[in-house]
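When a residue number appears, it is its place in the shown sequence, counting from 1.
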Amino acid sequence: MLYRDGDPIADTCAPDGPLETRWERRRFSARLVNPANRRKLTVAVVGTGLAGGSAAATLGELGYNVLSFCYQDSPRRAHSIAAQGGINAAKNYAGDGDSVHRLFHDTIKGGDFRSRESNVHRLAEVSTSIIDQCVAQGVPFAREYGGLLDTRSFGGAQVSRTFYARGQTGQQLLLGAYQALARQVHAGSVRSFPRTEMLDLVVSDGRARGVVVRDLVTGEITTHVADAVVLATGGYGNVFHLSTNAKGCNTTAIWRAHKRGALFANPCYTQIHPTCIPVSGDHQSKLTLMSESLRNDGRVWVPVLAGDNRPPGQIPEAERDYYLERIYPSFGNLVPRDIASRAAKAVCDAGRGVGPGGLGVYLDFADAITRLGRDTVAARYGNLFEMYQRITDEDPYQVPMRIYPAVHYTMGGLWVDYDLRSTIPGLFVLGEANFSDHGANRLGASALMQGLADGYFVLPAVIGDYLADGPFGPVDANAVDEAEDGVRELISTLLSLNGDRTAESFHRELGKLMWDLCGMERSEDGLQKALERIPSLREEFWRRLKVTGSGSELNQALEKAGRVADFLELAELMCVDALHRTESCGGHFRVESQTPDGDARRDDDRFSYAAAWEFAGVGEPPVLHREELRFEAVRPTVRSYK
């Protein structure tokens with residue numbers, strides 16, 4: 001049995017009535033906590049990226065006692081720092097017709113009508129405040145000659161709404177959040193715990209009441225008690241091993257919370273980014289993203305003829321296929337990521353790919369350099385060009401870049417309601433760690449927008465409605481002991497196996513299996529094969545794993561082993577979710593469900609819902625709870641960018 005059906009689930013926090021006023025009405029109806037009482041309440045925030053860092057800083061500013069955890073050596077090293085291209089906001093500084101409603105509509109459509117209207121409209125509303133907040137913090141957004149903030153276009157939009165700081169937008173935004181967090185650390189309202197990994201959630205009397213963590217330097221296991229827990233730990237793209245994520249990115253925090261009772265929604269919705277440096281060999285441990293912003297001025301093409309191995313400069317214009325411009329004339333090179341990725345795969349599968357193994361397409365800036373001049377192109381993308389040249393030893397000012405799709409982002413995550421509450425009372429989930437805003441495909445430059453919206457504006461406005469019932473009294477000592485004992489037992493087991501394979505070797509094998517069978521294309525046969533292989537690979541992991549060192553010291557082999565163990569369980573749920581959803585939508589492309597032109601074919605009659613999965617035990621059929629998606633402001637249509 002693949003899965004069992006459970007009761008439907010619904011978001012009961014979003015108000016009814018006009019979509020445009022729901023957020024304001026929810027803010028007004030949410031209960032508040034007296035400033036004097038906030039000092040009596042503690043909130044644990046796990047993760048210090050844009051969502052976690054901004055949330056911890058804002059909650060500290062409000063007067064709560066905040067515990068901030070990250071496994072990096074500094075909060076400012078969170079993976080948000082790697083984001084390149086920009087952050088969306090409906091400011092309409094370009095005067096090209098943008099608005100809150102247009103950003104809302106583009107995001108709903110970009111997600112292939114598989115996200116909630118209420119959440120997405122709130123995101124579009126709050127976007128305008130994010131830019132003001134960041135400018136006030138000194139984030140050095142690019143500016144036009146007249147001094148106004150500059151914007152550029154990103155995929156899935158026909159307006160210019162993406163604010164940017166060259167190719168370092170994530171870094172600059174994270175430093176803004178970090179300085180706000182550092183201010184609260186200095187003021188004493190936030191206690192920071194770097195080099196600390198969350199390994200379990202403490203649930204007492206049905207509420208999330210703290211976290212069990214391991215000090216990554218000393219190996220000490222401790223429990224930190226709180227009145228509420230906030231997870232802002234990012235996505236799980238590294239289940240594929242090769243991805244654009246930092247090597248440390250993992251699923252452990254949200255997966256351990258899932259095993260404690262938090263539903264996991266839409267795990268099969270993963271995003272393949274079309275603009276990555278192609279794989280160069282089996283030695284690689286990760287992939288490098290080249291910003292989507294490059295598609296503003298770069299033109300994507302391949303040779304017209306299969307097997308044409310001439311250098312790009314020797315291929316005349318008439319023998320080039322600018323396939324995105326040909327197939328999608330309205331959006332051209334700025335179609336959404338899922339569409340651009342599948343189109344690149346299609347031309348490579350047809351034998352027209354370039355570079356080693358034919359797994360690449362050209363991203364060519366020759367026209368832009370001729371039109372704008374090298375200096376202008378360098379001002380926009382210089383650091384990205386430098387990064388590409390250092391990695392490939394090819395100069396993109398002289399020859400086209402070579403790019404190919406790679407795993408980048410995950411739209412699935414823990415299920416949350418409009419207030420960002422999971423199904424465990426007291427557990428809130430922010431940013432990429434939740435499922436709420438992007439449906440089956442995220443538009444470029446919207447990840448930074450969601451992270452800062454959740455952290456700066458949404459969570460601080462609604463968490464008081466839960467904390468107004470606190471403080472919640474002492475935590476059950478048995479709940480703490482049970483969680484700590486479980487963590488110690490897991491670590492002891494990992495260290496005692498003494499097999500002959502490393503965690504990295506298992507991770508690499510799992511990643512290839514997932515990429516081949518649950519990657520850009522999924523089929524019933526492939527997913528069935530994956531579901532046959534993953535349990536046996538997991539059994540082999542627990543039989544043959546070898547972890548050197550001890551648990552009472554810095555031990556990255558031990559850290560890796562625990563994270564791979566969680567990936568081996570998550571991977572099975574991802575394949576179950578992908579197999580049960582016999583439609584194509586966004587980044588989830590089932591070969592059995594496509595149009596004659598090869599586009600995704602949705603099945604709104606049967607699958608217009610979020611799939612929220614309940615953990616029933618390792619290897620046991622999960623329980624499916626469906627949240628029906630209702631559309632009132634937009635009408636689901638065939639998603640066309642032609």
Is [X] reaching over with its side chain to a backbone N or O of [Y], donor-acceptor style, under 3.5 angstrom?
X: T423; Y: G261; result: yes
X: K560; Y: E504; result: no
X: S115; Y: G111; result: no
X: N266; Y: Y269; result: no
X: R421; Y: L427; result: no
X: N65; Y: R39; result: yes
X: T244; Y: L287; result: no
X: S446; Y: R442; result: no
X: D476; Y: S204; result: no
X: T410; Y: Y236; result: yes

Evaluate side-chain contact (heavy atoms from CB on, under 4.5 Å) for H241 paired with Q284, printing each intermediate quantity in order.
CA-CA 10 Å; H241 186 261; Q284 279 188 264; over 6 Å; no
For the atom pair [atom1] ([X]) and [atom2] ([Y]), what is the distance rounded to the nearest 0.5 Å?
X: R26; Y: D465; atom1: CZ; atom2: CG; answer: 4.5 Å
X: R337; Y: H408; atom1: CZ; atom2: NE2; answer: 4.5 Å
X: L50; Y: L452; atom1: CG; atom2: CG; answer: 4.5 Å

Testing V230, N434, I463, V429 one by one against L420 for a side chain to side chain contact (heavy atoms under 4.5 Å, CB included), which residue passes?
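Exactly one pass, corresponding to N434.
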So with a 6.0 Å cut-off around NZ of K259, is the heavy-atom count from everything else above 12?
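Correct, the count exceeds 12.
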More than 12 heavy atoms from other groups under 6.0 Å of CG on D500
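Yes.
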Can [X] and [Y] be counted as having a side-chain donor-acceptor contact under 3.5 angstrom?
X: N498; Y: K546; result: yes
X: S550; Y: E553; result: yes
X: Q184; Y: E61; result: yes

Are the side chains of [Y] and [X] in contact, using a 4.5 Å heavy-atom criterion?
X: Y71; Y: R214; value: no
X: I534; Y: R538; value: yes
X: Y64; Y: N37; value: no
X: C134; Y: L173; value: yes
X: V475; Y: T223; value: no
X: L430; Y: V416; value: no

Go through the steps for M198 and V212 under the test side-chain contact (heavy atoms from CB on, under 4.5 Å), then give the verdict.
CA-CA 6 Å; M198 172 187 161; V212 179; over 6 Å; no
Charged N-O contact under 4.0 Å between [X] and [Y]:
X: R4; Y: E614; result: no
X: D200; Y: R260; result: yes
X: E509; Y: R533; result: yes
X: D566; Y: R256; result: yes
X: R563; Y: E197; result: yes

I want to know whether H258 and W415 have ring centres closer than 6.0 Å.
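No, they do not, as the ring centres are separated by 6.0 Å or more.
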Do F240 and F567 have their ring centres less than 6.0 Å from each other?
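So the answer is no for these two rings.
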For S436 versus Q450, what's the shortest heavy-atom pair and its separation?
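Here S436 and Q450 meet closest at OG-NE2, 4.0 Å.
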Under the side-chain hydrogen bond (donor to acceptor under 3.5 Å, both in side chains) test against S74, which residue among R77, R76, Q72 passes?
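Single pass found, and it is R76.
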Can you check side-chain contact (heavy atoms from CB on, under 4.5 Å) on R31 and D469, steps first, answer last?
CA-CA 10 Å; R31 293 176 296 169; D469 293 327; 2.9 Å; yes
Would you list the pairs meeting ring-ring contact (aromatic ring centres under 6.0 Å, His included) in which at least one residue belongs to residues 178-224, sequence neighbours left out?
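Only F69-F193, F69-H224, F193-H224 qualify under ring-ring contact (aromatic ring centres under 6.0 Å, His included).
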Before giving the answer on side-chain contact (heavy atoms from CB on, under 4.5 Å), spell out for F615 and V618 the whole-Å C-alpha distance, their side-chain angles and the decisive distance to 0.1 Å.
CA-CA 8 Å; F615 181 75; V618 177; 3.9 Å; yes
